[in-house]
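When a ligand or atom number is given, it counts from 1 through the structure's own listing order.
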Amino acid sequence: MAEPVDFAQNLKQQADIVRVIGDYVKLRKSGAVNFTGLCPFHNEKSPSFSVHVTKQFFHCFGCGASGDVYSFLQKIDNISFPEAVKALALKLGVPMPKQAFSGPGEAADAALRGKLIDIHERATAFFQEQLRAPEAAKAREYLAGRGLDAENIARFRIGFAPDSGFALRDRVRGSFDDHVLRQSGLFSWKDRDTDPEGVNTPVANMYSRFRNRITFPICSEQGKVIAFTARTLETGEKAGPKYLNSPETALYSKSRVLFNLDKAKEVIRKVEYVILVEGQMDCITVFTSGFQNVIASSGTAFTETQVQLLKRFTRNIIVNFDPDTAGAAAAERSIAMLLEEDFDIRLVSLEPGFDPDLFIRKKGKDAYREVLGKPQRYFDWLIERALKMFPPRSPEARVKAINYLLPHIQRIPNAIVRDDVAKNAAQKFGIADQILRQQLRDAAGKRSGTIKSAQASGNTVAEKVLICALTDAANPELRQRAVEAVAAELHRGLNNESMIERLSSISLETDPMSLDWDDAQRQELAGVLIHGHEDVNEALLDETLYTLRQRRMEQRKRELNAEIAEAERRSDSGRLGQLLAELKQLEREQRPQ
Ligand SMILES: [Zn+2]
């Protein structure tokens, strides 16, 4: 049986880091061995994040984030090494050996999650089947009224939870252990408050959480059903909430999921923006009308995790719900979070009383396309709103309007954009007064936390060539010559002397990026590997070694001259003769043959 470490190594060799990272970062080819994109670990406008194809590592020249496919997954998903191995195995469809788990607890955890996915799959199929039953006539009618045809019902795997408390339980009971049923979130029991794990409640006393409701699966980013949101078909007092959601489980955490991202993500990447709507029904209607880059916020404010998740696909967002209405506070908080992450936010406002679902059903998708085509920049919308709230007829109103706008403006991470918005606001409010204008811009100028840009590399060309040759596993001869040059001490006095020495002593099989360099060295090494490799050949190495040899000889000449002066001062003629001979020899060597 394979050891966990071997398994991780083998798996890493099967993976293509470019494809794995490509799931999170939009990458562009920018060299023979190199892809670049916007770093997911810090805010930036122009790409300083590189992925090396042959050496299979990533490196950000902006923030210094660096490592292999596992460190990437660990960092971006905030998971442990064993979890990163599991995640990669899942992505590649490679089954995990049991030994690869770090402990029995973790294995049990993974096993439970696997079972929970299975039970959700079974429940989804069950609900889909029930939607065809006579009892579901009202549900089918509702869906038809929403303009959903059989194809789209199947696509979103919409189903129906019958009014029975036991039908689903009895269907799945034979296939799953009781604890899986208890922890699935699909069932409920009396005293859930005092007995949240259900340990004192036999499964026989458990009943369906969703009854007489239309079920909409909530999927993980990979498209696996992990929870449900279910709309009631009852009216009146007994109906309960209009939408009932699965509770948090080992599988499902509301704050980590974006509704419909699994189906939308490819299109979001392609068209380079995302449409955000409020409700799941809105989302489904917009999607099925041909605008597939749509996700739903489900009426709550974005969490940090969700914003980070979305950022992997785009930073351009069109928000299609009125931040003024019902979910105003949630929408406002979401927008604030998006602003801080440097999203380009635009709004489309539909006529009062319309949500996207109703709008498309009443006016058609062409009308919706038209609205989407002219979104308003968020700050233009905000300034308009401030103008309405505080018509700038008096200096007091102007001050109020500015005070209203300032906190929003200060959230913009980019100083140039911030200043621009502040100027624009001052103009719209007719603030001619230089002092007030300056105040506005000063306040807008206050924002810290910008990431300092990468230090310009102080490497000389010769160092780069030497480092390239030393790390070029594809060209052992070139490497051997570089190793000999180091043995001849030609690298002495270079900035990265110690690094070059170390590189010359490792074996060809060792991945140089895997060594424990300090941050500056890692930065140098990554830069050389990413930007230099393909250009280094025999001729360039020859030239470099010649230069280094000359440099070394010049240095020795300076030393000799100093020693000669010293020997003359001491009238040490024996020593003087020796030194002069060496100098003569050196000059002869320096002359081209
Ligand atoms: Zn970075």
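- Under the 30°/60° scheme for interplanar angles, the aromatic rings of Phe58 and Phe41 are found to be tilted.
- A salt bridge does not link Lys265 with Asp23: every distance from a Lys NZ or Arg NE/NH1/NH2 to an Asp or Glu carboxylate oxygen is 4.0 Å or more.
- Every residue two or more places apart in sequence or in another chain that forms a salt bridge (Lys or Arg N to Asp or Glu O under 4.0 Å) with Lys26 is listed here: Glu272.
- Using a 4.5 Å cut-off on side-chain heavy atoms (C-beta onward), Phe72 and Leu88 make no contact.
- Checked for salt-bridge contact, Glu538 and Arg481 meet the test: a charged N lies under 4.0 Å from a carboxylate O.
- Side-chain contact between Asp262 and Gln222: absent, with no pair of heavy atoms (C-beta onward) separated by less than 4.5 Å.
- The set of protein atoms (N, O or S) found at less than 2.8 Å from the Zn ion (ligand 1) reads Cys39 SG, His42 ND1, Cys60 SG, Cys63 SG, by chain and number.
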